[in-house]
Asker: 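Here's a structure for you.
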Number of protein chains: 2
Amino acid sequence: MKRRDLLIGTAGLAATSQIKAANKEVYKWKMVTTWPPNFPGLGTGAMGMAKNIEKASGGRIKIKVFAGGELVPAFESFDFVSSGGAEMGHGAAYYWRGKSEATQVFTTLPFGLNAMELNGWLYYGGGMELYRELYEPFNLRPYPAGNSGCQMGGWFKKPINSIEDLQGLKMRIPGFGGEVLRRNGGTPVAMPGSEIFTALQTGTIDAAEWIGPYNDLTFGFHKVAKHYYYPGWHEGGPALECIVNKEAYEELPEDLQTIIDIAASATNDTMLAEFVARNAFSLKQIEMMEDIKIAPFPKDVMDAFKQKAEEIIAEIITKDPVFAKIYKSFSEYKNTVEKWTKISEYALLQNRYE
Amino acid sequence: MKRRDLLIGTAGLAATSQIKAANKEVYKWKMVTTWPPNFPGLGTGAMGMAKNIEKASGGRIKIKVFAGGELVPAFESFDFVSSGGAEMGHGAAYYWRGKSEATQVFTTLPFGLNAMELNGWLYYGGGMELYRELYEPFNLRPYPAGNSGCQMGGWFKKPINSIEDLQGLKMRIPGFGGEVLRRNGGTPVAMPGSEIFTALQTGTIDAAEWIGPYNDLTFGFHKVAKHYYYPGWHEGGPALECIVNKEAYEELPEDLQTIIDIAASATNDTMLAEFVARNAFSLKQIEMMEDIKIAPFPKDVMDAFKQKAEEIIAEIITKDPVFAKIYKSFSEYKNTVEKWTKISEYALLQNRYE
């Protein structure tokens, strides 16, 4: 509850609420995103969400969407929305690990949950309550608003036959995944998507992960690296995020608040579907390229990745009580949902593929 | 376009549109569902959708939700919404196979797609266009509005060790799945969920499939049948459906139309998440029951189910050109998306479980 409401008291609240309901004011909002202009799937999904809100509100909320860097640099959007510079943002929670390691749990963890499972935790397993609590001090209301589904492991100039091949490997892989690579002898490099192609071409890097077939094909990585590895162990179903400035949200009448809420959920629905379909269509094109080898990471490489991922999580838990609390909820749910997925989705896919 | 709009012409249309936008009329709608009162997951999901529409519209659409049988019998809701008796309905497309065999493709087919894959086809693979075309003559606008995720294979009083054990088996399994059982020597029985417990208890039937752990546990089937088989080969990710009377939809101003559209999509998002989480929680309870055996169908039984399912689909294709057209789009997409799922979701689950 806002301080103002506390002062007004209960009777006043009812009156305020009536004023809000009658409020036909036009709210001119800004949405800052972490995505390049018109970025397929992620940026276009955020733009679609803004458009849905405008249409559903009959123009009472007008949202101007900014690509990363247009109004503020991409990775400053969290602070910018927090301070009220913009009313909304769209990006991914794990970009804010500098604020809190725990943000990563709301996007994805290596060897974590798939998209369906993650939504189950968020909406019905206690995740949303923890997510809101974590963002409360930042004056932000967070939503899951999209998911890329399982990503790919990346493009490599040389084949990866064993852990030995990771030694000294310079790979564009940011964040948690990068740290896992480093602990396995590689050299993680952080760079924006727009620089990957040239870095691969000139040999500045030996490998790069980006997203999946749909976005990777657009960037043309298949022209400069011929080994495409799966699966995306580091991002098995990463959620995208919408953040709304809390005061901006609370100033809205209840109908417009609900429109924001369901528009985020609708984006969560359609964006995942878009990635599933378009990744499939793009993979079909890549499979027809005779010089491209699509292969799974060897078992020992996957095991090594997993071991280091677990090691890193254990370290963060000892250092960061907020992460520890959120991870406890996440991992208890994970232990439970894994048993269900095994006898449902997985059993049916086993039947399909074996 | 409506006949009235055609008569008014383009200039008139713009004026009509302005009138619509200024329209503060309250629409009192009815939603008839195929679900028992407050039915967990499915019925409560439909009720949540109605509530979201009311709240997002600031009370300009008020929706009274009816359980199956309260206003019309459950399986008459299609005709009732079609004729305008109610403005909306919630159920599942495959209930209307008497109208068209093709409706089943929009819910699920045995050995078909999982929920994520199905949404991909519907939203980005041409499915929605075919879905709308199919419902056009019935004066209905259809939406995917929820998904139960992969279901269970059912409760059996005796173990199923081979195809021999299906001979003469009386099982509650409706529709397409029932026909597959019949062609494998069993006797499918159709009965509403509310009658299953007693039928199992008295031995009227030997087995029954219902939904999954969450709903099955509530009905207490574990008290009268001890063998719980997986996976739900006949329903690997069935979509639920919202239908809206076309004229009722077209009379709404554009903002309220958008609210209906995104509320359906939000329900599609949250209902699947609810089933994933709650099925997992309920499975955990069932796993602790020492007298319950949870087991996979034997490989030869699954193969026999699959073979008959394919046989039935081939027969419908030769008889029903509408089904054939829709199934062509579905199966071409399926062939494509299967390759993507195999190297993404499936590869990661394989790593998790093996």
Side-chain angles (χ1 to χ4, degrees), chain A residues 21 52 55-58 111 114-117 119-125 149-150 213 230-233 236 253-255 258-259 262-263 265-266 268-270 272-274 276-281 283-284 287 294 296 302 336-349 351-353, chain B residues 21 52 55-58 111 114-117 119-125 149-150 213 230-233 236 253-255 258-259 262-263 265-266 268-270 272-274 276-281 283-284 287 294 296 302 336-349 351-353:
Chain A
N52 277 339
K55 281 177 68 185
S57 70
F111 302 95
N114 70 17
M116 283 171 49
E117 294 170 331
N119 285 332
W121 177 60
L122 289 170
Y123 292 139
Y124 294 94
C150 185
Y230 65 84
W233 53 273
E254 200 190 351
D255 57 342
T258 305
I259 284 173
I262 64 174
S265 180
N268 210 40
D269 178 46
T270 53
L272 176 61
E274 180 172 7
V276 170
R278 296 205 201 277
N279 274 329
F281 303 149
L283 177 63
K284 193 173 179 179
E287 280 176 333
I294 302 173
M302 287 292 280
T336 303
V337 82
E338 276 181 356
K339 295 197 177 80
W340 167 237
T341 298
K342 188 177 183 181
I343 70 166
S344 55
E345 295 288 330
Y346 180 61
L348 209 51
L349 290 178
N351 179 271
R352 181 195 282 178
Y353 295 120
Chain B
N52 276 339
K55 281 177 68 185
S57 70
F111 302 95
N114 70 16
M116 282 172 50
E117 294 171 332
N119 285 332
W121 177 60
L122 289 170
Y123 292 139
Y124 294 93
C150 185
Y230 66 83
W233 52 274
E254 200 189 352
D255 57 343
T258 305
I259 285 173
I262 64 174
S265 179
N268 209 41
D269 177 46
T270 54
L272 176 61
E274 180 171 8
V276 171
R278 296 206 201 277
N279 275 329
F281 302 150
L283 177 64
K284 194 175 179 177
E287 280 176 334
I294 302 173
M302 288 291 280
T336 303
V337 82
E338 276 181 354
K339 296 198 176 80
W340 167 237
T341 298
K342 188 176 182 182
I343 70 165
S344 55
E345 295 288 329
Y346 180 62
L348 209 51
L349 291 177
N351 179 270
R352 181 195 282 179
Y353 295 119

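As the structure is a prediction and not an experimental result, all values here were calculated from the model.
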Asker: Is A:Leu283 close to chain B through its backbone or its side chain, or both, or neither, when contacts mean heavy atoms under 4.5 Å?
Answerer: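 For A:Leu283, the contact with chain B is made by the side chain alone.
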Asker: With a 4.5 angstrom heavy-atom cut-off, is it the side chain or the backbone of A:Ile262 that approaches chain B, or both, or neither?
Answerer: both
Asker: Can you tell me which of A:Met116, A:Met302, A:Glu117, A:Glu338 forms the most heavy-atom pairs within a distance under 4.5 Å of chain B?
Answerer: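 Between A:Met116, A:Met302, A:Glu117, A:Glu338, the count favours A:Glu338.
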Asker: For A:Glu287, is it the side chain, the backbone, both or neither that has a heavy atom under 4.5 Å from a heavy atom of chain B?
Answerer: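 Just the side chain, heavy atoms under 4.5 Å.
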Asker: Is it the backbone or the side chain of B:Leu122 that comes under 4.5 Å from a heavy atom of chain A, or both, or neither?
Answerer: neither
Asker: Can you tell which part of A:Lys284 gets under 4.5 Å to a heavy atom of chain B, answering side chain, backbone, both or neither?
Answerer: side chain
Asker: Aromatic contact between A:Tyr124 and B:Phe281, with the criterion being ring centroids under 6.0 Å apart: yes or no?
Answerer: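 Not under 6.0 Å, so no.
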Asker: Working to the nearest 0.5 angstrom, can you tell me the gap between B:Tyr346 OH and A:Leu349 CG?
Answerer: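 CG of A:Leu349 is found 7.5 Å from OH of B:Tyr346.
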Asker: Going by the angle between their ring planes, with limits at 30° and 60°, are B:Trp233 and B:Phe111 parallel, tilted or perpendicular?
Answerer: parallel
Asker: I'd like to verify something: which residue of A:Asn119, A:Ile343, A:Val276 has the highest number of heavy-atom pairs under 4.5 Å with chain B?
Answerer: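 Top count of heavy-atom pairs under 4.5 Å with chain B: A:Ile343.
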Asker: When heavy-atom pairs shorter than 4.5 Å are enumerated against chain B, which of A:Leu348, A:Thr258, A:Asp269, A:Leu272 gives the highest number?
Answerer: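 Winner by heavy-atom pair count: A:Asp269.
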Asker: For B:Tyr123 versus B:Ser265, what's the shortest heavy-atom pair and its separation?
Answerer: OH-OG, 3.9 Å
Asker: Report the option among B:Gly125, B:Ser57, B:Cys150 that has the most heavy-atom pairs separated by less than 4.5 Å from atoms of chain A.
Answerer: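 Maximum pair count with chain A is reached by B:Cys150.
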Asker: Report yes if some heavy atom in the side chain of B:Ser344 is under 4.5 Å from a heavy atom in the side chain of A:Tyr230; otherwise report no.
Answerer: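 Not in contact.
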Asker: With respect to chain B, which residue among A:Asn351, A:Ile294, A:Asn114 yields the maximal number of heavy-atom pairs within a distance under 4.5 Å?
Answerer: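 Between A:Asn351, A:Ile294, A:Asn114, the count favours A:Asn351.
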Asker: Between A:Ala56, A:Gly120, A:Ala277, which shows the greatest number of heavy-atom pairs under 4.5 Å with chain B?
Answerer: A:Ala56
Asker: So, do A:Lys55 and B:Ile259 sit near enough that their side-chain heavy atoms are less than 4.5 Å apart?
Answerer: no
Asker: Among B:Arg352, B:Lys339, B:Lys342, B:Glu345, which has the most heavy-atom pairs under 4.5 Å with chain A?
Answerer: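 Among B:Arg352, B:Lys339, B:Lys342, B:Glu345, the one with the most close pairs to chain A is B:Arg352.
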Asker: Please determine, among A:Ala263, A:Gly232, A:Pro231, A:Gly149, the option with the most heavy-atom pairs under 4.5 Å with chain B.
Answerer: A:Pro231
